[in-house]
Number of protein chains: 2
Amino acid sequence: MTVIRLGIVYLTDRLLFNAEPIRTDEFNMNWQDLPNEACSVARTLAVLGDRWTLLIIRDCFNGTRKFDEFQRSLGISRTIVTNRLTLLTKEGVLTKQAYQTKPDRYEYRLTEKGLDIYPILMGIFRWGDKYYAEKEGSPALFKHKNCKRDFHACLVCSECGEPLHPRDVNARHGPGYKTKPRKKK
Amino acid sequence: MTVIRLGIVYLTDRLLFNAEPIRTDEFNMNWQDLPNEACSVARTLAVLGDRWTLLIIRDCFNGTRKFDEFQRSLGISRTIVTNRLTLLTKEGVLTKQAYQTKPDRYEYRLTEKGLDIYPILMGIFRWGDKYYAEKEGSPALFKHKNCKRDFHACLVCSECGEPLHPRDVNARHGPGYKTKPRKKK
DNA sequence: TTATTAAGTATTGTTTCTGTACTTAAGTCA
DNA sequence: TGACTTAAGTACAGAAACAATACTTAATAA
């Protein structure tokens with residue numbers, strides 16, 4: 001059974017704390033191989049695509065910074081909070097900074113890379129709002145400081161500014177495209 | 001130990017096939033309580049927020065329709081493919097339609113609700129592209145049929161059309177806001 | 001002296017995910 | 001006729017991740 005160490009990233013739990021080579025000699029894939037996929041969606045989901053990470057990031061945008069605040073806000077296991085904050089820090093989405101000493105206490109803040117997750121989060125909010133809101137209406141409203149109006153997120157073409165519909169888009173391979181490093185049986 | 005049946009949804013694996021009341025008498029939360037959160041992000045992630053669902057939906061946008069195509073494309077366990085397709089069909093994101101009989105064969109297609117996931121997916125693609133692309137460039141390029149140019153996804157204010165930055169947004173509770181149904185210890 | 005706060009670590013049990021094999025029903029090849 | 005292939009799953013054992021609870025450490029407050 002050959003064992004090959006793949007590309008870049010060791011991501012969470014098992015791999016986060018005990019980085020081991022990934023076996024590549026079987027056909028099936030598990031999600032820890034995702035960063036090796038030649039797809040930006042797959043690579044992003046390798047970092048953000050679990051049940052809690054995006055909720056932690058949502059809390060960050062709401063001003064949450066401390067370990068216990070995250071744990072209380074989400075009500076999840078402290079182990080998961082530790083793992084996710086560690087991973088997001090490693091990935092450069094959050095920074096961990098001491099805000100006091102004796103005893104040392106740390107806070108977690110979004111980096112620029114973290115702030116760039118905003119469109120994803122607003123897209124998720126918009127979809128949930130449209131399909132899962134209470135009949136009373138949205139649980140949250142957003143006002144744009146610039147135009148002083150309530151808005152919702154809107155996806156447009158960066159070139160012509162028109163709203164984007166999936167039917168109006170042609171996708172093709174780009175320069176970074178590689179055929180999938182598919183494992184042989 | 002009191003047991004209370006909560007709100008709406010039974011989502012995956014255990015709850016998908018064997019819907020049981022959710023215990024609400026403990027402090028900690030697990031992700032199956034997410035649909036009861038008064039947050040559109042949490043509710044969306046209860047459906048889409050696992051390691052594989054958004055990749056299945058990505059494949060749908062690429063034209064994948066059949067069970068075996070999903071399984072081969074992602075290289076994941078057939079069990080997961082079954083569970084995710086079943087869940088997405090239940091949630092109205094996909095439809096399951098027979099494309100032949102004797103023997104019966106089905107295909108899965110995006111509904112309108114499914115097509116509305118496009119902004120989320122493009123947001124995810126954009127972020128991965130910015131931070132995890134090969135040095136050669138993006139693995140995929142998108143052309144807007146309307147303006148005939150390569151573009152990337154851009155998030156703007158629905159009211160004034162300006163690009164949105166997190167610092168320019170004020171959030172507040174909306175009419176559907178409820179205090180969290182926090183469990184008591 | 002005891003309790004509290006913050007930021008974790010440790011441990012155990014439950015749930016989910018992974019890998020492999022099997023099933024069913026029809027069509028195709030030799 | 002029998003073996004092989006395709007499509008769409010199901011079954012089940014073992015591995016990984018998650019959940020619940022308790023514990024640790026260092027300082028302050030009552």
Side-chain angles (χ1 to χ4, degrees), chain A residues 1 10-18 20 22-34 49-53 55-56 64-72 74-87 89 96-108 183 185, chain B residues 1 10-18 20 22-34 49-53 55 64-87 89 96-108 183 185:
Chain A
M1 200 181 246
Y10 304 108
L11 284 171
T12 192
D13 287 30
R14 179 165 67 89
L15 294 177
L16 186 57
F17 299 112
N18 180 24
E20 285 173 6
I22 299 169
R23 284 179 298 123
T24 56
D25 52 351
E26 264 124 45
F27 177 78
N28 272 354
M29 187 164 98
N30 69 40
W31 66 263
Q32 291 161 5
D33 304 328
L34 284 178
D50 78 291
R51 296 263 170 216
W52 298 112
T53 301
L55 290 170
I56 287 176
T64 302
R65 304 224 171 94
K66 295 177 184 174
F67 185 94
D68 277 24
E69 287 173 357
F70 289 111
Q71 195 274 323
R72 272 197 299 272
L74 295 171
I76 54 177
S77 153
R78 303 179 75 78
T79 314
I80 299 183
V81 179
T82 301
N83 290 4
R84 291 299 169 274
L85 291 176
T86 305
L87 170 60
T89 303
K96 180 179 185 176
Q97 293 169 336
Y99 66 88
Q100 71 166 53
T101 51
K102 293 203 240 171
D104 290 349
R105 294 276 185 269
Y106 301 95
E107 62 178 16
Y108 299 86
K183 306 162 197 175
K185 185 82 173 238
Chain B
M1 198 181 248
Y10 303 108
L11 285 170
T12 192
D13 285 29
R14 180 163 66 90
L15 294 179
L16 186 57
F17 299 112
N18 180 23
E20 285 173 7
I22 300 168
R23 282 178 297 122
T24 56
D25 52 350
E26 264 123 45
F27 177 79
N28 272 353
M29 186 163 97
N30 70 38
W31 66 263
Q32 292 160 6
D33 304 329
L34 285 178
D50 78 291
R51 296 259 169 219
W52 298 111
T53 300
L55 290 171
T64 302
R65 305 225 171 94
K66 296 176 184 173
F67 186 94
D68 277 25
E69 287 172 358
F70 289 112
Q71 195 274 322
R72 272 197 299 271
S73 159
L74 296 171
I76 55 177
S77 153
R78 304 179 74 79
T79 315
I80 298 183
V81 179
T82 301
N83 290 3
R84 291 299 168 276
L85 291 177
T86 304
L87 171 60
T89 303
K96 180 180 185 177
Q97 292 169 338
Y99 67 88
Q100 71 168 52
T101 52
K102 294 203 237 172
D104 290 349
R105 295 276 186 269
Y106 299 95
E107 62 178 17
Y108 299 86
K183 306 162 196 177
K185 185 85 173 236

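Note: hydrogens, waters and symmetry copies are ignored here, and every other heavy atom, side chains too, is used. Naming: A, B, ... by sequence-line order, numbering from 1 per chain.
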Without decimals, in angstroms, what is the distance between [X] [atom1] and [N] [atom2]?
X: Asp104(A); N: dA6(C); atom1: CG; atom2: P; result: 15 Å
X: Asp68(A); N: dT9(C); atom1: CG; atom2: C1'; result: 13 Å
X: Glu107(A); N: dA7(C); atom1: CD; atom2: C1'; result: 13 Å
X: Gln100(B); N: dA7(D); atom1: CD; atom2: P; result: 9 Å
X: Arg51(A); N: dA16(D); atom1: CZ; atom2: C1'; result: 15 Å
X: Gln71(B); N: dA7(D); atom1: CD; atom2: C1'; result: 12 Å
X: Ile76(A); N: dT15(C); atom1: CD1; atom2: P; result: 18 Å
X: Lys102(B); N: dA7(D); atom1: NZ; atom2: C1'; result: 17 Å

Check the phosphate of [N] against [X], side-chain N and O only, distance under 4.0 Å to OP1 or OP2. Yes or no?
X: Lys96(B); N: dG9(D); result: yes
X: Tyr108(B); N: dG9(D); result: yes
X: Arg84(A); N: dC18(D); result: yes
X: Tyr99(A); N: dA7(C); result: yes
X: Trp52(A); N: dA19(D); result: yes

query: Are side-chain heavy atoms of Arg65(A) and Tyr99(A) found at a separation under 4.5 Å?
result: no
- prompt: Is there a donor and acceptor pair closer than 3.5 Å between the side chain of Arg78(A) and the base of dA7(C)?
  reply: yes
The side chain of [X] is closest to which nucleotide in this list: [options]?
X: Phe67(B); options: dA8(D), dA19(D), dA7(C); result: dA8(D)
X: Arg105(A); options: dT10(D), dA7(C), dA11(D); result: dA7(C)
X: Thr79(A); options: dG8(C), dA20(D), dA11(D); result: dA20(D)
X: Ile80(B); options: dT9(C), dC17(C), dA7(D); result: dC17(C)

- prompt: How many angstroms lie between CG in Leu55(B) and CZ in Arg84(B), if you round to the nearest 0.5 Å?
  reply: 11.5 Å
- prompt: Which heavy atom of Thr82(A) sits nearest a heavy atom of Thr86(A), and at what distance?
  reply: O-OG1, 2.6 Å
message: Looking at Tyr108(B), is its backbone amide N or carbonyl O close enough to the side chain of Gln97(B) to form a donor-acceptor pair, meaning the two atoms are under 3.5 Å apart?
response: no
- request: Using modelled atom types only, decide if a donor and an acceptor are shared between the side chain of Gln71(B) and the backbone of Phe67(B) within a distance under 3.5 Å.
  value: no
